[in-house]
Protein chains: 2
Amino acid sequence: MQDKRRITLKDIARDLGISISTASRALNSYSGISDETIKMVKDYAEKHNYVPNSIAVNFRKNKTLTIGMIVPELVHHFFSSVISGAISEANKQGYRLLVSQSDESLNNEIRACRSMLAGSVDGLIISISNETQEGSHIREFLDEGKPVIQFDKIIENLKTPKVITDDFESAYIAVKHLIDQGYKKIAHINGRKEVKNSIDRLQGYKQALLDHRLEFREDWVPHCTDISEKEGFDYAQQLMNLPTPPDAIFCITDLVALGALNFLKKNGYKVPQEVGVMGFSNWKIAEVVGPGLSSVDQHGFEMGEKATSLLLELLKEGLTGENKTYKIDTDLVIRESTQKS
Amino acid sequence: MQDKRRITLKDIARDLGISISTASRALNSYSGISDETIKMVKDYAEKHNYVPNSIAVNFRKNKTLTIGMIVPELVHHFFSSVISGAISEANKQGYRLLVSQSDESLNNEIRACRSMLAGSVDGLIISISNETQEGSHIREFLDEGKPVIQFDKIIENLKTPKVITDDFESAYIAVKHLIDQGYKKIAHINGRKEVKNSIDRLQGYKQALLDHRLEFREDWVPHCTDISEKEGFDYAQQLMNLPTPPDAIFCITDLVALGALNFLKKNGYKVPQEVGVMGFSNWKIAEVVGPGLSSVDQHGFEMGEKATSLLLELLKEGLTGENKTYKIDTDLVIRESTQKS
DNA sequence: TTGAAAGCGCTACCAC
DNA sequence: GTGGTAGCGCTTTCAA
């Protein structure tokens with residue numbers, strides 16, 4: 001293997017008979033350098049394929065031009081969309097993205113944070129794991145003056161900017177759509193009771209029922225723990241076997257909705273005529289399943305962009321940011337599964 | 001904001017009345033340092049929460065402990081699985097993963113390569129974009145002695161280790177399954193004619209037909225350009241409208257298979273009784289579509305792990321690697337769409 | 001077993 | 001407009 005040493009500023013300076021500082025200034029087009037010199041140096045650099053050693057630059061400037069991103073799960077339409085948006089925005093501004101995942105484990109999350117904090121990133125964008133309750137490992141960033149943006153799954157009382165889906169509003173709109181379609185007994189397969197997204201969606205669901213004078217029943221609101229297809233199937237079964245079964249099911253997630261849909265299809269319920277089904281997240285499966293699943297699109301890409309631009313702004317200003325919450329709009333995507341009328 | 005300066009070796013040395021080099025050696029437990037000193041320094045470091053400035057270490061050692069990964073598209077079940085596997089393996093060995101995507105654009109790919117080459121990574125794992133024909137931007141890594149691993153979509157004549165799906169074998173097995181099920185007129189919606197994966201799958205398809213004395217017809221092998229659902233739909237239509245329509249369709253990808261499936265369902269063809277459909281990649285959609293789509297699972301996570309461990313091995317040895325190809329096994333996942341019998 | 005010092009490549013300050 | 005030089009934090013010779 002060849003280890004062709006890269007040409008350095010020193011080489012340029014020597015070959016051109018100028019000083020290193022002049023070469024540096026010329027390449028960075030500082031004021032106070034003659035156009036002549038600038039041209040000479042730039043031409044030489046071009047010709048000899050000079051690439052500044054960015055490790056050295058980083059070292060000198062004490063920054064990395066890299067931002068870290070930690071998500072609970074990478075193989076997931078929503079999170080990969082967010083990452084995609086983050087990369088896009090970061091690259092636009094000359095930054096790179098270091099990606100890690102916690103696999104929903106607090107220990108992994110802490111390890112990832114530590115590794116990034118050791119000097120590989122200038123700031124952090126994170127969506128916490130299910131296990132994370134408290135954020136001392138995240139606070140370490142702030143303590144060193146490195147900004148953090150939380151998104152989607154957040155720790156409320158950690159003083160960072162937050163980018164989230166407006167879960168209340170989105171759930172409200174989704175349920176209102178069901179109501180508008182003429183469904184009257186609307187159940188909600190919710191998520192974990194202690195997770196903010198679940199709580200907010202549940203509130204939005206309740207408020208929509210309240211505002212439209214529809215009945216709310218505790219036994220119409222089961223709570224998932226895994227948020228899996230199987231749970232969707234099982235809870236749909238449980239709901240439909242109630243003495244008073246619902247005529248629509250609003251699901252915490254498309255995967256759960258898929259399970260519900262499968263139960264309903266398998267057992268001869270007509271969707272959407274007898275039972276309406278609404279998902280959340282608008283994954284690819286919502287589009288391809290039969291019948292097409294109405295869902296709420298969370299604009300993951302946009303969320304990634306927003307979180308990144310917020311972080312870069314703070315980086316530019318040298319701040320760690322205020323405790324402000326930014327809500328990203330959602331879109332209700334209406335498909336067959338709720339088209340009763 | 002607070003900018004609590006982090007404690008450095010210098011601080012430790014000063015406070016402990018020893019030299020910087022001793023402090024450094026103690027922390028790294030070099031031989032030739034008294035246990036006493038080691039203990040003293042380590043205790044002090046622990047107590048004052050010393051974290052080595054990894055930018056400085058990187059600079060000094062001229063490496064970053066970071067590897068770069070460039071994929072055509074991040075929001076994609078296969079690629080996010082690969083990334084997930086790569087992160088897992090990299091972290092295990094103390095490395096981090098910098099992720100970028102080309103969006104199937106050669107220019108973006110070149111830009112991403114340049115950015116990483118400038119000093120942010122020690123090596124690269126890449127799956128090239130559809131537009132990429134030639135790899136001078138990748139060769140720049142090798143020229144600097146930085147190893148590269150190609151995976152999935154590769155440039156054959158670039159001297160790097162390669163990790164790929166055994167497309168020939170996988171296609172062969174998939175088609176053989178169709179044959180075993182009793183299908184006799186098997187079409188293949190292929191990909192671009194110049195892309196290696198397409199070519200190999202086509203060859204596997206042909207060989208399976210040949211070995212089982214089934215007819216091969218050019219007009220049964222249309223070529224996609226986008227590899228989209230729409231193309232699947234359109235080509236299925238084209239195939240079924242031929243004077244001699246096929247009784248099974250092997251699709252280059254699940255998305256294409258989905259389009260084909262949709263065409264068939266919409267037009268009253270019974271799947272799998274009248275027409276069998278086989279996908280490739282085994283995305284989530286293959287599992288959830290009705291009827292369930294038989295497909296070939298590519299083991300993305302494993303591929304990411306393998307590519308990463310190969311890269312780290314080279315990094316350890318200081319080599320750029322040989323032109324060796326590693327084929328990752330696939331699994332045939334049989335669902336309803338091909339269960340004729 | 002320890003210390004002094006060079007130096008990685010670059011930027012930025014201070015002279016001239 | 002340009003050059004000299006200090007120094008970022010660390011590792012690693014070389015000397016003692």
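Quick note on labels: first sequence line is chain A, next is B, and so on, each numbered from 1.
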With respect to the phosphate group of D:dC10, does any side-chain polar atom (N or O) of B:Y30 fall under 4.0 Å of OP1 or OP2?
-> no

Result for side-chain contact (heavy atoms from CB on, under 4.5 Å) between A:I126 and one of A:M69, A:E109, A:K153, A:M116 points to A:E109

Short side-chain to backbone donor-acceptor contact, B:Q101 and B:L74, under 3.5 Å | yes

Closer to the 5' end of DNA chain C via nearest nucleotide, is it B:I38 or A:N53?
-> B:I38

What's the CG-P distance between B:L27 and C:dT2, to the nearest Å?
-> 13 Å

With no hydrogens and no angle check, do the side chains of A:S129 and A:E104 hold a donor and an acceptor under 3.5 Å apart?
-> no

Five-pair end axes of the helix from C:dT1-D:dA16 to C:dC16-D:dG1, angle between them (10°) = 40°

With a 4.0 Å cut-off, would you call B:E156 and B:K162 a salt bridge?
-> no

Side-chain contact check for A:T37: nearest option of C:dT11, D:dT2, C:dG9 is D:dT2

Collect all protein-nucleotide pairs involving nucleotides 3-6 of chain D in which both atoms are nitrogen or oxygen and the distance is under 3.5 Å.
{"residue": "D:dG3", "atom": "OP2", "partner": "A:S19", "partner atom": "N", "Å": "3.1"}
{"residue": "D:dG3", "atom": "OP2", "partner": "A:S19", "partner atom": "OG", "Å": "3.3"}
{"residue": "D:dG3", "atom": "OP2", "partner": "A:T22", "partner atom": "OG1", "Å": "2.3"}
{"residue": "D:dG3", "atom": "N7", "partner": "A:R25", "partner atom": "NH2", "Å": "2.5"}
{"residue": "D:dG3", "atom": "O6", "partner": "A:R25", "partner atom": "NH1", "Å": "2.9"}
{"residue": "D:dG3", "atom": "O6", "partner": "A:R25", "partner atom": "NH2", "Å": "3.2"}
{"residue": "D:dG4", "atom": "N7", "partner": "A:S21", "partner atom": "OG", "Å": "3.0"}
{"residue": "D:dG4", "atom": "O6", "partner": "A:S21", "partner atom": "OG", "Å": "3.1"}

Going by distance alone, is a donor N or O of one side chain under 3.5 Å from an acceptor N or O of the other, for B:S24 and B:S21?
-> no

Scan side-chain atoms only and decide if B:Q150 and B:T160 contain a donor-acceptor pair under the 3.5 Å cut-off.
-> yes

Testing D:dC10, C:dT2, C:dT11 for proximity to the side chain of B:I33, the answer is C:dT2

Assign each of B:K61 and A:S34 to its nearest nucleotide of DNA chain D by heavy atoms, then name whichever residue's nucleotide is nearer the 5' end.
-> A:S34

Measure the distance from CG on B:N28 to P on C:dT2 and round it to the nearest whole Å.
-> 15 Å

Is any side-chain nitrogen or oxygen of B:Y50 closer than 4.0 Å to OP1 or OP2 of D:dG9?
-> no

Is the closest side-chain donor-acceptor distance between B:D122 and B:T64 under 3.5 Å?
-> yes

Kindly state whether the pair B:F59 / D:dC10 counts as stacked, where counting means centroids closer than 5.5 Å and planes tilted less than 30° apart.
-> no

